[in-house]
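Values reported hereafter were calculated over all heavy atoms of this structure, with side chains retained and with hydrogens, waters and symmetry mates removed.
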Amino acid sequence: QVQLVESGGGLVQAGGSLRLSCAVSGRTISGCAMGWFRQAPGKEREFVAAIGANGGVIRYSDSAKGRFTVSRDNAKNTVYLQMNSLKPEDTAVYYCAARNVFFTSTSAKEYNYWGQGTQVTVSS
């Protein structure tokens, strides 16, 4: 059984930073593209960042570009999302996702496994 467990969320002031982690068990992520999505209350889940299986291809949403950095450690079976210069509009539940192919996707429908999410709240 594949499990993804996010951690690192919390309450932070605007301008602050958080580092999210996603630990995967049940399969190796070395053959998986990994993604981060978020969902704010009353809104649809949206793409934030994705990284290819070998880390060679990285994609960001326009809102994340320049502020967030996605990375992976295949040896630890873990993916990270470093979030800097946080804004109140970044407030959401952040989800980690994995897909069974090497290549990234910005579509949530393309991902096979999901974590339970971690809350990020940015106060103004």
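- In this structure, Y60 and V48 have side chains that are not in contact, with every pair of non-hydrogen atoms separated by 4.5 Å or more.
- Under the 4.5 Å side-chain heavy-atom criterion for ILVMFWY residues, a single connected hydrophobic cluster contains both I51 and V2.
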Task: From CA spacing to verdict: side-chain contact (heavy atoms from CB on, under 4.5 Å), V12, T121 - done: CA-CA 6 Å; V12 65; T121 303; over 6 Å; no

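- Contact of the T91 side chain with the V120 side chain is not registered, since no non-hydrogen atoms from C-beta on lie closer than 4.5 Å.
- Contact of the R27 side chain with the Y113 side chain is registered, since non-hydrogen atoms from C-beta on lie closer than 4.5 Å.
- Counting only distance, with no hydrogens or angles, the side chain of E6 and the backbone of S21 share no donor-acceptor pair below 3.5 Å.
- Grouped by direct or indirect side-chain proximity (heavy atoms under 4.5 Å, Ile/Leu/Val/Met/Phe/Trp/Tyr only), V101 sits alone.
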Open item on the list: Working note: E46 + S61, criterion side-chain contact (heavy atoms from CB on, under 4.5 Å); need CA distance, chi angles, decisive distance, verdict.
Closed with: CA-CA 9 Å; E46 65 173 0; S61 66; over 6 Å; no

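- When all heavy atoms of V57 and N54 are compared, the pair lying nearest together is N-OD1, 4.4 Å.
- Taking a 4.5 Å side-chain heavy-atom cut-off between Ile, Leu, Val, Met, Phe, Trp and Tyr, the cluster of V5 contains only that residue.
- Between S63 and R38, some side-chain heavy-atom pair lies under the 4.5 Å cut-off.
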Only distances under 3.5 Å count here; give the side-chain donor-acceptor pairs of residues 29-36 to other protein atoms, sequence neighbours excluded, each with its distance to 0.1 Å.
{"unit_1": "S30", "atom_1": "OG", "unit_2": "T28", "atom_2": "OG1", "d": "3.1"}
{"unit_1": "W36", "atom_1": "NE1", "unit_2": "Y80", "atom_2": "O", "d": "3.4"}

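- Residue I58 is grouped with residue Y94 when hydrophobic side chains (ILVMFWY) are merged at heavy-atom distances under 4.5 angstrom, including chains of intermediate members.
- By the 4.5 Å heavy-atom criterion applied to side chains, L20 and M83 are counted as neighbours.
- When all heavy atoms of A40 and A92 are compared, the pair lying nearest together is N-CB, 3.8 Å.
- Applying the disulfide (SG to SG under 2.5 Å) rule to pairs touching residues 54-86 yields nothing, sequence neighbours excluded.
- In this structure a side-chain-to-backbone donor-acceptor pair under 3.5 Å is present from T78 to K76.
- Taking the side chain to side chain donor-acceptor pair (under 3.5 Å) definition, one finds that R19 meets it with nothing, sequence neighbours left out.
- Counting heavy atoms from C-beta outward, V70 and V79 have side chains that approach closer than 4.5 Å.
- With 3.5 Å as the limit, one finds no donor-acceptor pair spanning the side chains of S105 and S107.
- Residues passing the side chain to side chain donor-acceptor pair (under 3.5 Å) test with Q3, sequence neighbours excluded: none.
- For K65, the salt bridge (charged side-chain N to carboxylate O under 4.0 Å, His left out) test picks out D62, with sequence neighbours left out.
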- [ ] Test side-chain contact (heavy atoms from CB on, under 4.5 Å) on N84 and F68 and set out the steps.
- [x] CA-CA 6 Å; N84 299 328; F68 294 3; over 6 Å; no

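- Within the hydrophobic cluster formed by Ile, Leu, Val, Met, Phe, Trp and Tyr side chains joined at under 4.5 Å, directly or through other members, Y111 is accompanied by F37, F47, V93, Y95, W114.
- Residues passing the salt bridge (charged side-chain N to carboxylate O under 4.0 Å, His left out) test with R59: none are found, sequence neighbours excluded.
- Within the model, atoms SG of C96 and CG of L81 stand 9.5 Å from one another, a figure rounded to the nearest 0.5 Å.
- Applying the salt bridge (Lys or Arg N to Asp or Glu O under 4.0 Å) test to residues at least two apart or on different chains, the pairs with a partner in residues 103-118 are R99-E110.
- For the side chain to side chain donor-acceptor pair (under 3.5 Å) test, no residue two or more places apart in sequence or in another chain qualifies with N77.
- In this structure, Q82 and S17 approach most closely via the heavy-atom pair NE2-CB, 3.9 Å.
- With sequence neighbours excluded, no residue satisfies side chain to side chain donor-acceptor pair (under 3.5 Å) with S85.
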